[in-house]
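Input: one structure, supplied below.
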Amino acid sequence: MLTRSVPFGLFGTEPPAARAWIREAACVGEDPELFFPLSEQEDDPQVAAARAVCRRCRVLLACRSWALEQGEDDGVWGGTTAGQRRAISRALLDDSAGERIRRRRREPESDDDPSP
């Protein structure tokens, strides 16, 4: 979610090429308040309206990825609410931890004892 009124400085120290997707966002020119509803309930009309904008966006996945990477904890970004992004982040962490465990189980145990 972004409008022309939001300065690019909001996006930290990322190189401009990393945030080139912003210029193509469907939300450019939309009222920023639309994307920051007071309630994030699934049936909230404002959430539905924000998501409708996101659904027509060519850079939805880049927006969502940015919000996940930055830990954006407010608003609708990439068609997701803050609660949904927290759930995605938890699932990614769980998957990452699970993969490390699976990898360790597949690796042969090293034998530190050189005796035969």
**OP:** Report the distance from atom CG of Leu60 to atom SG of Cys54, rounding to the nearest 0.5 Å.
**Re:** 6.0 Å

Original post:
Would Glu42 and Arg51 pass as an ion pair if we require N to O under 4.0 Å?
Top reply: yes

Subject >> Working for side chain to side chain contact (heavy atoms under 4.5 Å, CB included), residues Trp66 and Glu72 >> reply: CA-CA 8 Å; Trp66 180 88; Glu72 184 58 56; 4.0 Å; yes

Original post:
Is the closest side-chain heavy-atom distance between Glu30 and Phe35 below 4.5 Å?
Top reply: yes

Original post:
Under the salt bridge (Lys or Arg N to Asp or Glu O under 4.0 Å) test, which residues partner Glu24, sequence neighbours left out?
Top reply: Arg58

Original post:
Looking at side-chain heavy atoms only, is the closest gap between Val76 and Thr80 below 4.5 Å?
Top reply: no

Subject >> Verdict with supporting geometry, Leu34 and Gln46, side chain to side chain contact (heavy atoms under 4.5 Å, CB included) >> reply: CA-CA 6 Å; Leu34 174 64; Gln46 188 173 346; 4.0 Å; yes

Original post:
Between Glu40 (side chain) and Thr81 (backbone), is there a donor-acceptor pair under 3.5 Å?
Top reply: no

**OP:** Would you name the heavy atoms of Ala25 and Cys57 that are closest together and state the gap between them?
**Re:** CA-SG, 3.8 Å

**OP:** Working to the nearest 0.5 Å, report the span between CG of Asp43 and OG of Ser39.
**Re:** 7.0 Å

Original post:
Hey, are Asp73 and Arg85 close enough for a salt bridge, meaning a charged N less than 4.0 Å from a carboxylate O?
Top reply: no

**OP:** Working to the nearest 0.5 Å, report the span between CH2 of Trp77 and OG of Ser65.
**Re:** 13.0 Å

